[in-house]
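Note that this is a predicted model, so its numbers are computed, not measured. Whatever order the structure lists ligands and atoms in, that order sets their numbers, starting from 1.
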Amino acid sequence: MEALKGRDLLSLADLSAEEVLFLLDLAAQLKAGKIKPNCPKILGLLFSKASTRTRVSFSAAMYHMGGQVLDLNSSVTQVGRGEPVEDTARVLDRYLDVVAIRTFEQTEVETFANYANIPVINALTDLEHPCQILADLQTVFEEFKQFSGLTLTYLGDGNNIAHSLLLGCALVGLNIRVATPVPYQPLPEIVAKAKKIAGDRTQVDIMTDPKEAVRGTHILYTDVWASMGQESSADDRVPIFMPYQINTELLSLADPAAIVLHCLPAYREKEITHKVMEGSASRIWDQAENRLHSQKALLAAVLGAG
Ligand code: CP
Ligand code: NVA
């Protein structure tokens, strides 16, 4: 799709519904081995937070397409010594073909994108994780072959994953319920944006009761209760979030064919039990695999190889 060439992905709301569906279709074709893009370009990974899946799946995707990857975490560049984002962006723009940035502030990826002409991909900020949700939607579509008429329930912290899920589900017409303790609800401006995208055809519900939220749902989804950067409050959060744990009892209230997703890394017996993670409803490992295919689709599209 020509319209995606050269584009940034800072928020899932940067994409239209048509563009998301195009990327999901491309990802499915890549996974099936129907197409093999040739893309001898250079990706820079600017990561200020830890990563297993995002780092390795972006790298493998690039290598599969004949490209190269530079791991530019802040400790090996002048960023760690305080070189401004504006300067780093204008310089890396002249060496690289695309960058993926993992950091804290959304404004950092926005500033980078303002100063660089090459495509800039949000590889997770405190506000959003759009690449994760492309893989999640691919996993849901593989299972159900449709989005309409289905409901996804996210349980836990109203964090970056919850925000991008709200936007992604609204874009593809998948009903979404987000159930969190009251002080941990997703940001009202993201909820408002999701509702605007969803219009009348898709339900977007912000809830507090986990049992009500999972009743009859088709997809249960959770994430860590304390995200990267919130480690000091992790212990205090456990009793607050425990009613939102995905366990056999909560799963039994969902649709009998319901599946369970988790973006990983997971803390067993906290946000999800070992039994559910390893049980027959879990699609967590396919979901992790789909990071590779959906990000390869994204790279191919923004680099004009898709
Ligand atoms: N889900 C996810 O983004 O995993 P990593 O933090 O390991 O990249
Ligand atoms: N919400 C989590 C997601 C990790 C992939 C975090 O930001 O740490």
Side-chain angles (χ1 to χ4, degrees), residues 9-12 27 43-62 69 71-74 99-109 121-140 152 154-168 178-181 183-187 190 219 221-235 237-238 240-241 244-246 260-268 270-272 277 282-296 298-299:
L9 178 62
L10 309 184
S11 161
L12 215 45
L43 164 70
L45 297 176
L46 282 77
F47 281 24
S48 317
K49 288 175 174 172
S51 170
T52 298
R53 280 144 290 272
T54 310
R55 182 192 306 284
V56 179
S57 55
F58 261 120
S59 304
M62 213 56 203
V69 182
D71 206 341
L72 301 167
N73 71 63
S74 50
V99 294
I101 304 177
R102 170 168 287 205
T103 190
F104 295 86
E105 301 286 332
Q106 181 76 10
T107 50
E108 191 178 324
V109 293
I121 298 170
N122 177 351
L124 182 147
T125 61
D126 290 346
L127 190 72
E128 275 206 54
H129 195 2
C131 297
Q132 176 67 54
I133 276 57
L134 290 176
D136 303 341
L137 294 174
Q138 184 182 356
T139 313
V140 170
L152 180 148
Y154 173 89
L155 298 145
D157 186 23
N159 59 15
N160 43 13
I161 294 288
H163 290 158
S164 292
L165 270 176
L166 278 161
L167 298 169
V178 173
T180 72
Y184 299 92
Q185 286 185 333
L187 290 175
I190 300 278
I219 304 119
Y221 194 124
T222 192
D223 180 23
V224 292
W225 292 337
S227 287
M228 288 181 275
Q230 299 174 332
E231 288 80 2
S232 63
S233 68
D235 290 346
R237 287 172 179 239
V238 173
I240 300 169
F241 283 96
Y244 298 83
Q245 180 190 66
I246 300 187
V260 175
L261 301 179
H262 190 310
C263 58
L264 302 175
Y267 291 88
R268 286 169 170 80
K270 296 276 193 332
E271 73 272 7
I272 188 165
M277 250 190 110
S282 170
R283 297 292 179 277
I284 292 170
W285 314 115
D286 294 330
Q287 178 188 8
E289 178 187 332
N290 286 338
R291 297 295 305 278
L292 172 67
H293 309 299
S294 56
Q295 284 161 199
K296 194 185 287 180
L298 177 65
L299 287 167

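Listed by number with element, the atoms of ligand 2 under 4.0 Å from a non-hydrogen atom of L264 are 5 (C). Close contacts between ligand 2 and N160 involve ligand atoms 1 (N), 2 (C), 6 (C), 7 (O) [criterion: under 4.0 Å to a heavy atom].
Applying the salt bridge (Lys or Arg N to Asp or Glu O under 4.0 Å) test to R55 and every residue at least two apart in sequence or in another chain returns D71. Taking D157 as the reference, R237 meet the salt bridge (Lys or Arg N to Asp or Glu O under 4.0 Å) condition, with sequence neighbours excluded. Qualifying salt bridge (Lys or Arg N to Asp or Glu O under 4.0 Å) partners for K270, counting only residues two or more places apart in sequence or in other chains: none.
Side chain of Q106 to main chain of L10: a donor-acceptor pair is present (N/O by atom type, distance under 3.5 Å, no hydrogens or angles).
Ion pairing between D136 and R283 fails under the 4.0 Å rule for side-chain N and carboxylate O.
Under 4.0 Å from ligand 2, not a single heavy atom of D157 appears.
At under 3.5 Å, not a single nitrogen or oxygen of P265, backbone or side chain, sits near a nitrogen or oxygen of ligand 2. Polar contact check, K49 against ligand 2: no nitrogen or oxygen pair lies under 3.5 Å apart.
In terms of protein heavy-atom proximity, atom 3 (C) of ligand 2 is nearest to D223 OD2, 3.6 Å.
A distance limit of 4.0 angstrom between heavy atoms and ligand 1 selects the residues S51, T52, R53, T54, R102, H129, Q132, C263, L264, R291.
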